[in-house]
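These values consider heavy atoms only, across backbone and side chains, with no hydrogens, waters or symmetry-generated copies. Just so we're clear, the structure is a prediction, and the values are computed from it rather than from any experiment.
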2 protein chains.
Amino acid sequence: MTKPKGSTAKSDRTRLAIESAARELFASYGFERTTVREIARVAGIDASMIIRYFGSKDALFALVAMPDLRLPDLGEVDRGKIGETLVRHFIEQWEGSEGGGGLPILLRSASSNDDAAKKLAEIFAAQVLPALARAGDPATAANRAGLVATQILGLALTRYVLKLPPVVAMSIEQLVDDVGATIQRYGTGER
Amino acid sequence: MTKPKGSTAKSDRTRLAIESAARELFASYGFERTTVREIARVAGIDASMIIRYFGSKDALFALVAMPDLRLPDLGEVDRGKIGETLVRHFIEQWEGSEGGGGLPILLRSASSNDDAAKKLAEIFAAQVLPALARAGDPATAANRAGLVATQILGLALTRYVLKLPPVVAMSIEQLVDDVGATIQRYGTGER
DNA sequence: TGCCTTTGTCAACGACTGTTGGCAAATAGT
DNA sequence: ACTATTTGCCAACAGTCGTTGACAAAGGCA
């Protein structure tokens, strides 16, 4: 084993440095184009340490690409402001520090990595779907969650991954207004 | 030079076989995970031929990843059916033969390939933006095109790249209805 | 002090990548 | 039929990838 009994070891700093570098590079370049040597360079240690600490590149990716969307309880927010609430929640998380909670990391790699795509699907099934089940007829929850996914992931893709100029240029408030109205309609099932 | 004067050469069949295999593999696995050896295997020839015919892997990709969206003239369609028209146009193109006109190819690779992302931005600026300029106030065209991009690319991503189950399960008519209403609002600027 | 586990570097492995040059077979032109 | 060009395969290159094992410094504990 590589792990001692306690967690007060001096090596925890290295461990965190590796995780931090991995998060940054995976988010910027995706899984395939991020090399363990580059992660090691940013973390300031040797590439072989990464294997010893985490077992493999895949294991390290699986560890840092576990997004927790931290969705609010939609049963407690104003029925008419579900869309606005959701969009603001996502944007503020993405705009915030440390890679926006891991979802951009997954999104970067999901297009060319089947495991990442599968994990993204699980995230939506496990977090978005149950949250939306409380915001309308549970029988149509999967349908509504799918529509929400097309718009939320499309927003994340164009603004943070592709960086399409007109989408990047828009203010948070405008996005909350325009996209929020769409999510409101998709999420609740209202016409 | 590798190209003779006329185009009646027997080698044109090989050229087309390479392009076809490249389109298929780039669309399925993206630029990074598609190897020239695999393209050659599918095309039934040697890998070195690809370099001789197209110069490099990048050049081949640039050639097959040139989507022409073939957007209809929005100035001639019913003002209230712009969203429906656009969504149906895109879906039918994607659902159709030969990789849906190249946009999925680009989308697969754009997440981890800067050139592909840049080209995708150009496509939208050169094709979607002018088409939408005729469907509302030209001053807000960029803004509206950006919003349309978030929804259209999000739909393509979730249905054809990530293959999220609830999105895949939806019928074309339902997508035209639900997503079409969003595009209608984004594209025309109406509330 | 001496010992043993941990932290780290270094060099190398086998597998893979895009790409190149040489040479056989097929084909076109005359 | 003879020749020159083109089409194709093969072997190999230089580079990079993830991963492994050996071995040197460092630190805790007796």
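Thr182(B) and Arg185(A) are linked by a side-chain donor-acceptor pair at a separation below 3.5 angstrom, with hydrogens and angles left out of the test. Between the side chains of Ser48(A) and Asp46(A), a donor-acceptor pair is found at a separation under 3.5 Å. In the model, Tyr186(B) has no side-chain atom that pairs as donor or acceptor with a side-chain atom of Thr150(B) under 3.5 Å.
Side-chain heavy atoms closer than 4.5 Å link hydrophobic residues (I, L, V, M, F, W, Y) into clusters, and following such links, possibly through other members, connects Ile50(A) to Leu63(A).
What separates CZ of Arg13(A) from P of dT7(C) is a distance of 12 Å, to the nearest Å. In this structure, Ile45(A) places its CD1 atom 8 Å from P of dG8(C), rounding to the nearest Å. Atom pair Tyr29(A):OH and dC17(D):P shows a separation of 13 Å (rounding to whole Å applied). Rounding to whole angstrom units, CG of residue Leu25(B) and C1' of dG18(C) are separated by 16 Å. One interatomic measurement links the two molecules: OH of Tyr53(B) to C1' of dT19(C), which rounds to 17 Å at whole-angstrom precision. Ile51(A) places its CD1 atom 17 Å from the P atom of dC10(C), with the value rounded to the nearest Å. For Arg15(B) and dT6(D), the CZ to P distance is 12 Å, given to the nearest whole Å. Phe54(B) places its CZ atom 16 Å from the P atom of dT20(C), with the value rounded to the nearest Å.
Distances shown here put a side-chain N or O of Ser11(B) below 4.0 Å from the OP1 or OP2 atom of dT7(D).
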For nucleotides 23-26 of chain D, list the nitrogen or oxygen atoms of the protein found under 3.5 Å from its nitrogen or oxygen atoms, one pair per line.
none

Without placing hydrogens or testing angles, list every side-chain donor-acceptor pair under 3.5 Å for residues 114-131 of chain A, not counting sequence neighbours.
residue, atom, partner, partner atom, Å
Gln127(A), OE1, Leu69(A), N, 2.9
Gln127(A), NE2, Pro67(A), O, 3.3

Run the side-chain donor-acceptor check on residues 24-33 of chain B: report pairs under 3.5 Å with partners two or more places apart or on a different chain.
residue, atom, partner, partner atom, Å
Ser28(B), OG, Glu24(B), O, 3.0
Glu32(B), OE2, Ser112(B), OG, 3.4
Arg33(B), NE, Ser112(A), O, 3.1

Please tabulate, for side-chain N and O atoms in residues 168-176 of chain A, each donor-acceptor pair with protein atoms closer than 3.5 Å (sequence neighbours left out).
residue, atom, partner, partner atom, Å
Ser171(A), OG, Gln174(A), N, 3.1
Glu173(A), OE2, Arg88(A), NH1, 2.8
Gln174(A), NE2, Asn143(B), OD1, 3.0

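Taking a cutoff of 4.0 Å between a charged side-chain nitrogen and a carboxylate oxygen, Arg159(A) and Glu95(A) qualify as a salt bridge.
Annotation: the terminal axes of the helix from dT7(C)-dA24(D) to dT30(C)-dA1(D) meet at 10°, where each axis is the rotation carrying the C1' atoms of four end pairs onto the next four (5 pairs per end, rounded to 10°).
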*How far apart are the C-alpha atoms of Arg15(A) and Glu19(A), what are their side-chain angles, what is the distance that settles it, and do they pass the salt bridge (charged side-chain N to carboxylate O under 4.0 Å, His left out) test?*
CA-CA 6 Å; Arg15(A) 210 179 219 91; Glu19(A) 291 184 21; 5.3 Å; no
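For Thr14(B) and Ser56(A), each mapped to the nucleotide of DNA chain D holding its nearest heavy atom, the one lying further toward the 5' end belongs to Thr14(B).
No side-chain heavy atom of Val36(B) sits under 4.5 Å from any side-chain heavy atom of Leu60(B). Between Thr85(B) and Pro72(B) there is a side-chain heavy-atom pair separated by less than 4.5 Å.
Of the listed nucleotides (dG8(D), dG8(C), dG18(C)), dG8(C) has the atom at the smallest distance from the side chain of Met49(A).
Near DNA chain D, meaning a heavy atom under 4.0 Å away, the residues from residues 33-41 of chain A are Thr34(A), Thr35(A), Val36(A), Arg37(A).
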